[in-house]
Colleague: 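Below is one structure. I have some questions about it.
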Number of protein chains: 4
Amino acid sequence: MMNAPPTISTEGAGGRAEAQRERILSAAQRCFIEHGFHAASMADIAVAAQMSAGLMYRYFENKQAIVLAIVERQLEEKRSFIRQLHSAQAFTTGLAEAFKLWRAGDPRVMSPALYLEMSAEATRNPQIAAALRRSDALTRAELQAWLASPRSEGGFGLSQDVAASRALLLRSIVEGLALRAAREPDLDLAPLRSALEDLFARLLA
Amino acid sequence: MMNAPPTISTEGAGGRAEAQRERILSAAQRCFIEHGFHAASMADIAVAAQMSAGLMYRYFENKQAIVLAIVERQLEEKRSFIRQLHSAQAFTTGLAEAFKLWRAGDPRVMSPALYLEMSAEATRNPQIAAALRRSDALTRAELQAWLASPRSEGGFGLSQDVAASRALLLRSIVEGLALRAAREPDLDLAPLRSALEDLFARLLA
Amino acid sequence: MMNAPPTISTEGAGGRAEAQRERILSAAQRCFIEHGFHAASMADIAVAAQMSAGLMYRYFENKQAIVLAIVERQLEEKRSFIRQLHSAQAFTTGLAEAFKLWRAGDPRVMSPALYLEMSAEATRNPQIAAALRRSDALTRAELQAWLASPRSEGGFGLSQDVAASRALLLRSIVEGLALRAAREPDLDLAPLRSALEDLFARLLA
Amino acid sequence: MMNAPPTISTEGAGGRAEAQRERILSAAQRCFIEHGFHAASMADIAVAAQMSAGLMYRYFENKQAIVLAIVERQLEEKRSFIRQLHSAQAFTTGLAEAFKLWRAGDPRVMSPALYLEMSAEATRNPQIAAALRRSDALTRAELQAWLASPRSEGGFGLSQDVAASRALLLRSIVEGLALRAAREPDLDLAPLRSALEDLFARLLA
DNA sequence: CATGAATGAGACTTCATTCAT
DNA sequence: CATGAATGAAGTCTCATTCAT
């Protein structure tokens, strides 16, 4: 007769609750990419997740919680992606690779549209802003460490100062390219690649 | 003998109608920056513009028209800003200058937050996408022409191909920096400046 | 400096005020026919009358007053039309004639669409209902007098009772045809004519 | 395994959804009769239906859909009513009977006020116009078939041509009477009856 | 006399969220 | 656990009417 308290046992990664959360997030991601955080309604997400709207409230306190979870997930993916770029050749190739996957609509890569949406939203939503800041700090540190590490370990042996400023620049470039990808999905990759290779040759030589 | 039909005479730049439009756009810009296109309501804008919500519809067909007008205005400002960067020293200095103005909340410079909002919205709104595309084409052409022009005219004498790929890269960098500005408004400018100067020295030497 | 009291000298039929009223009514009639009483806005009427919306309030207290004036005018036209039918041949011919004029969009004949609109509105607007009732009473009396007048005077010499019930029927038929005209503007007139001639031959023989 | 997408199962005639639709339509009908299609607001209907305004949008896409549903329902009732008139005595009696029911406010009979409203609206709303046209065609065919059927089957054995023109006339008369009913709800029925009996005697003898 | 800018109420519609079943 | 009916607030937009100019 009375509702049991919503004791959703998180019970590890394989639990049913986790699967449901995953389903909701996957659906939400698709909706957010297509319509944006505001225009995507809970009803849209429920349809995409093939469950009732009410049920989603068992797994997420409200829409904002879903948005935040999506943001966190995307940031994690972004960091792991940037980590993969750690090697001079991979940087250019990796960016081009990701570009192609985006175009193909692969949901595992971070969607540039979603990245824009998150960034825009962060200018007004403190929770999202905090998440981005945390992720930024991690990325910055990793990039800087890579650039400062000795060449024998795949790095470039830059001083901490130079590494820091180069890291800032690299991140801006990657983000700028993401923005461009969102805006010009059928961009010709060849000139971009050659420009990037040139850039890295000069910047990290 | 017969009166003009009750429409709003646009009557040049000094007209009252134009002043009202300006008031609305200025208010809308503030609201859009603060809350985003979706979350800023017509009522919010009306309060900011100190007029009734209904009146705004004499000057703009609907909210979307206001959004579009803001977008066009911002794009024009962005282009004129990029044009000012045309000179190697100015590029770095100009970027840093703009950064400072943004921080100070100067409404004449393009707001990075608004730029993000526009870019995100463009992924779903065809009219905004078209406006960005048009503006992009202009910017690209101008940048490329600059890079390809002879050094005697302040350019770099690059071949068209190289100029094109460099222009693409430069735009991505500028946009990436805008994104960063939106996200990290109190970023330390010194490392950024040195990185940029370094970049230009190597890229456009 | 202060507005003079709105002393609109009615000054006979040729006054300027009367001309303005006429212009407004003519415009309103077109708008009401096209959009109905509710959907036609004061702004629509102002455009059609080629004057400002505010000016109309100098000649009519409010929209409702315009509606009422239109109704009265239409009713007068309807009565004069029915009066013209007074003669057995003219009845059929006159109806068919009116039908053709309606189709041609002649504004002097009563619009069936407007007649419907008025009738519908009368079921909820007491002022319009009263106007229709007054007009109805006149029409009824005229028709009945005609039917009861001796044949030597162009009538049918019916008893008052029979004349009354026949008048009721005739009016219903005319109204029914108006309704049909509104609904089926490209109705084939031939069968209708033959049916009407037949009807009158049998009913008023 | 997977739940159905959250739509409203129409599930036959006994479903809850159907009951709700019915409730809304019944409320809407009352409101439309009292205030007309335009003046009756969704809020009015919601109050009459004793539910929130928002809920109605689960059952009808928009106000226009409600209007259309009402129109269709009324037309169906009108056709079934006219079908009942098929027999010379019933025609007169049936009309008088309906007249009395209207007066009593019986919601099962078609409301003359609503009929007027529909007809007026049809002159500008293509969907309503189409519905009326469809219904008209059915009524016309049924009436004509009745008049042309042999007397042994309750008809009048008229030729198709004559039957067609008589059917047109009969419909106009019925509609004219409906209009009259709307306008003069306390009309004395006796003279009308005698006129109608007379008419049928002469027209269908 | 005439304009049309301005207002404010109210219309339709959407949507996050709750809760009885 | 799951549904989806239900609500209420809020959003966009229209329009009759007024009034300073």
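Each chain gets a letter, A, B and so on, in the order its sequence line appears, and its residues count up from 1.
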Colleague: Using heavy atoms to find the nearest nucleotide of DNA chain E for C:Gln20 and B:Met56 separately, return the residue whose nucleotide is more 5′.
Modeller: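 Whichever sits nearer the 5' end wins; that is C:Gln20.
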Colleague: Please pick, from F:dA2, E:dA2, E:dA5, the nucleotide with the shortest atom-to-atom distance to any side-chain atom of B:Leu55.
Modeller: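 Of the options given, the side chain of B:Leu55 lies nearest E:dA5.
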Colleague: E:dG8 phosphate, OP1 or OP2: any side-chain N/O from B:Tyr57 under 4.0 angstrom?
Modeller: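 No, no such contact exists.
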Colleague: Rounded to whole angstrom units, what separation is found between the NE2 atom of A:His35 and the P atom of E:dC15?
Modeller: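 So the NE2-P distance, A:His35 to E:dC15, works out to 10 Å.
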Colleague: Rounded to the nearest angstrom, tell me the gap between atom NE2 in A:His38 and atom C1' in F:dG11.
Modeller: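 Between C1' of F:dG11 and NE2 of A:His38: 13 Å.
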Colleague: Please check the phosphate of F:dT12 (OP1 and OP2 only) for any side-chain N or O of B:Gln64 closer than 4.0 Å.
Modeller: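 For F:dT12, neither OP1 nor OP2 has a side-chain N or O of B:Gln64 closer than 4.0 Å.
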Colleague: Rounding to an integer number of Å, can you tell me how far A:Asp44 CG sits from E:dT14 P?
Modeller: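 Rounded to whole Å, this separation is 12 Å.
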Colleague: Starting at atom CD of D:Glu61, determine the distance to atom P of E:dC12, rounded to an integer number of angstrom.
Modeller: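 About 15 Å, once rounded to whole Å.
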Colleague: Within the structure, does a side-chain N or O atom of B:Tyr59 lie under 4.0 Å from either OP1 or OP2 of E:dG4?
Modeller: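 Answer no for this pair, as no side-chain N or O of B:Tyr59 is under 4.0 Å from OP1 or OP2.
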Colleague: Side chains of D:Phe60 and D:Leu25: closer than 4.5 Å at any heavy-atom pair?
Modeller: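 Yes, close enough: below the 4.5 Å cut-off.
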Colleague: For D:Ile45 and E:dC12, what is the distance between atoms CD1 and P respectively, to the nearest whole Å?
Modeller: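 Taking CD1 of D:Ile45 and P of E:dC12, I get 7 Å after rounding.
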Colleague: Distance check: side-chain N/O of B:Arg16 vs OP1/OP2 of E:dA6, anything under 4.0 Å?
Modeller: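 Yes, because at least one side-chain N or O of B:Arg16 sits under 4.0 Å from OP1 or OP2 of E:dA6.
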Colleague: How many Å lie between CE on B:Met42 and P on E:dT13, as a whole number?
Modeller: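 From B:Met42 CE to E:dT13 P: 19 Å.
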Colleague: Using heavy atoms to find the nearest nucleotide of DNA chain F for A:Gly54 and D:Gln50 separately, return the residue whose nucleotide is more 5′.
Modeller: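 That would be A:Gly54.
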Colleague: State whether D:Arg23 and D:Glu18 are salt-bridged, where the test is any N-O pair (Lys NZ or Arg NE/NH1/NH2 against Asp/Glu carboxylate O) under 4.0 Å.
Modeller: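 Looking at D:Glu18 together with D:Arg23, the answer is no, because their closest N to O distance does not fall below 4.0 Å.
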Colleague: What's the closest nucleotide to the A:Ser52 side chain, out of F:dG4, E:dG4, F:dT7?
Modeller: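 The answer is F:dG4.
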Colleague: Pick the nucleotide of DNA chain E nearest each of D:Asn62 and A:Ala40; which residue has the one closer to the 5' end?
Modeller: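 Between the two, 5'-proximity favours D:Asn62.
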Colleague: How about D:Gln20 and D:Met56: do any of their side-chain heavy atoms sit closer than 4.5 Å?
Modeller: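 No, side chains not in contact.
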Colleague: Any salt bridge linking D:Glu22 with D:Arg73? Criterion: basic side-chain nitrogen under 4.0 Å from a carboxylate oxygen.
Modeller: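 Between D:Arg73 and D:Glu22 there is a salt bridge, with a charged N closer than 4.0 Å to a carboxylate O.
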Colleague: Look at the side chain of C:Lys63 and decide which nucleotide, out of F:dT17, E:dA2, E:dA6, has an atom nearest to it.
Modeller: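 Between F:dT17, E:dA2, E:dA6, the one nearest the side chain of C:Lys63 would be F:dT17.
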Colleague: Look at the aromatic rings of C:Phe32 and C:Phe37 and report parallel, tilted or perpendicular, splitting at 30° and 60°.
Modeller: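 It falls in the perpendicular class, over 60°.
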Colleague: C:Arg58 CZ to F:dA16 P: how many Å, rounded?
Modeller: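 To the nearest whole Å, that distance equals 20 Å.
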Colleague: Taking D:Ser41's backbone N and O only, do any of them form a donor-acceptor pair with D:Lys63's side chain (distance below 3.5 Å, no angle check)?
Modeller: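 Here the side-chain-to-backbone pair does not exist.
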Colleague: Any idea which of E:dA6, F:dA6, F:dG11 is nearest the B:Ser41 side chain?
Modeller: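 From the listed options, F:dG11 comes nearest.
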Colleague: How long is the line joining CD1 of B:Ile24 and P of F:dC13, in whole Å?
Modeller: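 Going from CD1 in B:Ile24 over to P in F:dC13 covers 13 Å.
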Colleague: Grab the two heavy atoms, one from B:Ala48 and one from B:Cys31, that are nearest each other, plus how far apart they are.
Modeller: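 That closest heavy-atom pairing would be CB-SG, 3.9 Å.
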Colleague: According to the Watson-Crick and G-U wobble definition with distances under 3.5 Å, which dot-bracket string, read 5' to 3', encodes DNA chain E, using [ ] for crossing pairs and | for pairs with another strand?
Modeller: .||||||||||||||||||||
Colleague: Between B:Arg124 (side chain) and A:Glu34 (backbone), is there a donor-acceptor pair under 3.5 Å?
Modeller: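 Flag not set: sc B:Arg124 to bb A:Glu34 has no pair under 3.5 Å.
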